[in-house]
Amino acid sequence: TITAVAVPVPHETDTADNTLSSPTLVKVKLMGDVNGDGEVDMKDVYEAAKAFGSYPNHPRWNPDADICGDNKVDMRDIWIVVTNFGTCK
């Protein structure tokens, strides 16, 4: 479970929503590591290129290739993979 707590700001009267807990799975990966194998290599370039131009419910959609988190795989996502190429744990 992940919990986030926001401290009250001055004059805040409703603090009921200042704590959020979620049992959601969190993935921590290298930036650009589309397939999650711990390195940014040609496999990641391939996965991102394969998903290029896709969006949710598109046949080629891969949410892991949407590195920017904007519900589309575009050149910004490709750029992140290419910029981090060669990075490993």
**Study point:** Short side-chain to backbone donor-acceptor contact, D33 and D37, under 3.5 Å
**Key:** yes
Check your understanding: Has the side chain of R76 got a donor or acceptor atom that lies under 3.5 Å from a matching backbone atom of C68?
Key -> no
Exercise for review: Would you sort out whether D66 and W61 count as a side chain to side chain contact (heavy atoms under 4.5 Å, CB included), showing the intermediate values?
Suggested key: CA-CA 9 Å; D66 178 20; W61 175 245; 3.5 Å; yes
Exercise for review: Could you tell me the separation between the CZ atom of R60 and the CZ atom of F52, rounded to the nearest 0.5 Å?
Suggested key: 9.0 Å
Review point. At what distance, to the nearest 0.5 angstrom, does CG of D64 lie from CG of N35?
Key: 9.0 Å
Distance-minimising heavy-atom pair for [X] and [Y]:
X: N62; Y: A51; value: CB-CB, 4.0 Å
X: P56; Y: N71; value: CD-O, 3.3 Å
X: V34; Y: E47; value: CG1-CB, 3.7 Å
X: G32; Y: I67; value: CA-CD1, 3.8 Å
X: V40; Y: M31; value: CG2-O, 3.5 Å
X: I80; Y: N84; value: O-ND2, 2.8 Å

Check your understanding: Would you say the side chain of V73 lies within less than 4.5 Å of the side chain of H58, judging by non-hydrogen atoms?
Key -> no
Check your understanding: Under a 4.5 Å cut-off applied to non-hydrogen side-chain atoms, are V7 and V9 in contact?
Key -> no
Point to revise | Common cluster, M42/V81, ILVMFWY with side-chain heavy-atom separation under 4.5 Å | key: yes
Review point. Do you reckon F85 sits in the same ILVMFWY cluster as L30, going by side-chain contacts under 4.5 Å, direct or chained?
Key: yes
Review point. Any chance OH of Y46 has more than 12 other-residue heavy atoms, nucleotides or ligands included, within less than 6.0 Å?
Key: no
Review point. Can you name the one residue among D14, N18, T13 that meets side chain to side chain contact (heavy atoms under 4.5 Å, CB included) with P8?
Key: N18
**Study point:** Sidechain N-carboxylate O distance under 4.0 Å for K72, D77
**Key:** no
